[in-house]
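Handing you this structure, nothing more for now.
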Amino acid sequence: MATNYATVTWDQLHRDARTLSSALMARAPFKGIVAVTRGGLIPAAIIARELDCRLVESISVISYSGESAEDQKEPRVVKAPVAAGDGEGFLIIDDLVDSGETAKIVRDVLPKAHFACLYAKPNGKPHTDQYVMEVAQDTWVLFPWDTAPLFVPPLARNLG
Ligand SMILES: O=P(O)(O)OC[C@H]1O[C@H](OP(=O)(O)OP(=O)(O)O)[C@H](O)[C@@H]1O
Ligand SMILES: Nc1nc2[nH]cnc2c(=O)[nH]1
Ligand SMILES: [Mg+2]
């Protein structure tokens with residue numbers, strides 16, 4: 001299990017996706033964007049809007065079955081990004097790189113594309129061309145689609 005959790009709110013995610021979009025403008029225009037499903041779908045939608053990019057393809061990769069690094073499986077591509085060819089002129093977007101295994105397999109499929117993500121853990125950093133924020137390796141990022149607000153009892157109720 002991860003030692004720590006980092007909760008990302010919708011607002012924060014939108015801000016970080018816009019920050020990444022600003023940085024990516026230096027390389028625009030792209031022929032299209034390839035979202036790495038599922039985590040890359042919402043960041044890719046925000047970035048496609050900011051870069052005014054209408055061609056959005058996807059690559060579907062399955063690599064985790066639960067909420068920790070121990071739940072990692074051998075990544076499997078279950079849908080290819082046919083519209084992106086070898087990736088030339090394309091931008092790949094994922095939510096984060098952790099071990100970097102997903103990014104490696106995606107880059108094998110699209111060797112000429114530029115890979116960008118919102119968050120990068122140290123082991124994943126060598127496998128992304130660009131990211132917004134580094135997160136510690138022992139921290140599990142909780143995305144807004146992973147969480148829901150819960151009632152928390154007042155501190156005073158726990159006294160006595
Ligand atoms: O660098 P790695 O160790 O490979 O981990 C990063 C990948 O793990 C998560 O996807 P996941 O396989 O959980 O699927 P999902 O995007 O469908 O939730 C995340 O969205 C990245 O794609
Ligand atoms: N939600 C989530 N998925 C992941 N897949 C690999 N690492 C992570 C992480 O920290 N958070
Ligand atoms: Mg993913």
Side-chain angles (χ1 to χ4, degrees), residues 1-21 23-24 27 30 32-51 53 55-87 90-150:
M1 290 291 280
T3 317
N4 300 302
Y5 289 94
T7 302
V8 178
T9 64
W10 285 112
D11 275 2
Q12 184 69 47
L13 184 102
H14 202 169
R15 252 193 313 275
D16 291 339
R18 283 185 162 146
T19 299
L20 183 56
S21 303
L24 287 164
R27 296 176 163 272
F30 292 95
I33 293 178
V34 178
V36 184
T37 73
R38 295 161 300 178
L41 285 168
I42 289 169
I46 296 167
I47 291 161
R49 188 268 181 186
E50 294 302 328
L51 301 189
C53 183
L55 198 173
V56 182
E57 181 46 292
S58 65
I59 177 168
S60 304
V61 186
I62 303 178
S63 43
Y64 285 80
S65 58
E67 295 81 38
S68 75
E70 287 80 56
D71 295 321
Q72 188 174 17
K73 309 270 182 274
E74 186 67 28
R76 281 186 302 129
V77 175
V78 295
K79 188 245 162 218
V82 288
D86 62 3
F90 275 77
L91 169 67
I92 304 166
I93 295 292
D94 206 352
D95 52 358
L96 88 165
V97 287
D98 183 327
S99 66
E101 290 301 319
T102 303
K104 263 199 264 178
I105 200 167
V106 169
R107 299 189 82 137
D108 284 348
V109 176
L110 300 165
K112 296 197 172 158
H114 184 78
F115 192 106
C117 58
L118 299 178
Y119 311 115
K121 299 188 192 179
N123 294 344
K125 270 165 62 175
H127 304 286
T128 184
D129 295 315
Q130 219 168 326
Y131 62 93
V132 176
M133 201 187 297
E134 182 167 341
V135 175
Q137 198 67 46
D138 67 357
T139 295
W140 189 259
V141 179
L142 291 171
F143 287 101
W145 47 86
D146 292 328
T147 56
L150 281 180

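Just so you know, ligand 1 is whichever comes first in the structure, and atom 1 is the first atom listed for that ligand. Throughout, numbering of the chain's residues begins at 1 and tracks the sequence.
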Practice problem: Please identify which atoms of ligand 1 are closer than 4.0 Å to at least one heavy atom of Ser63. | Solution: 12 (O)
Quiz item: Where does Leu96 meet ligand 1, judged by heavy-atom distances below 4.0 Å: at the side chain, the backbone, both, or neither?
Solution: both
Practice problem: Check each heavy atom of Asp98 against ligand 1 and say whether those closer than 4.0 Å belong to the side chain, the backbone, both or neither. | Solution: both
Quiz prompt | Side-chain donor/acceptor of Glu57 to backbone N/O of Ala83, under 3.5 Å | solution = yes
Quiz item: Would you find a donor on one side and an acceptor on the other, under 3.5 Å apart, between the side chain of Asp129 and the backbone of Phe115?
Solution: yes
Quiz item: Quick one: does ligand 1 sit under 4.0 Å from the side chain of Thr102, the backbone, both or neither, non-hydrogen atoms only?
Solution: both
Exercise. Please work out whether any backbone atom (N, CA, C, O) or any side-chain heavy atom from C-beta onward of Leu96 is under 4.0 Å from ligand 2, and answer side chain, backbone, both or neither.
Key: side chain
Quiz item: Is there a nitrogen or oxygen of Gly39 sitting under 3.5 Å from a nitrogen or oxygen of ligand 1?
Solution: yes
Self-check item: Per-atom contacts of ligand 2 with Lys121, taking only distances under 4.0 Å to non-hydrogen atoms
Solution: 7 (N), 9 (C), 10 (O)
Exercise. Could you check which of Thr37, Val97, Asp94 puts a non-hydrogen atom nearest to atom 21 (C) of ligand 1?
Key: Asp94
Exercise. Mind listing the closest non-hydrogen atom pair of Ile33 and Phe90 along with its distance?
Key: N-CD2, 4.0 Å
Practice problem: Would you mind running through ligand 2 and noting each atom that sits below 4.0 Å from a heavy atom of Asp146? | Solution: 1 (N)
Practice problem: Look at ligand 1 and say whether Gly100 reaches it with a heavy atom at a distance under 4.0 Å. | Solution: yes
Practice problem: Output yes when the distance from some N or O of ligand 2 to some N or O of Val141 is under 3.5 Å, and no in every other case. | Solution: yes
Exercise. Kindly give the heavy-atom pair with the smallest separation between Ala17 and Ser21, and that separation in Å.
Key: O-OG, 2.7 Å
Practice problem: Quickly, which of Val8, Leu96, Leu20 forms a side chain to side chain contact (heavy atoms under 4.5 Å, CB included) with Leu118? Name it, please. | Solution: Leu20
Quiz item: Between the side chain of Lys79 and the main-chain N/O of Ser58, is any donor-acceptor distance below 3.5 Å?
Solution: yes
Quiz item: For ligand 2, which atoms sit closer than 4.0 Å to a heavy atom of Asp98?
Solution: 6 (C), 7 (N), 8 (C)
Quiz item: In Å and rounded to the nearest 0.5 Å, what is the CD1 to CD1 distance from Ile59 to Ile105?
Solution: 7.5 Å
Exercise. Kindly give the heavy-atom pair with the smallest separation between Ala116 and Leu24, and that separation in Å.
Key: CB-CD2, 4.2 Å
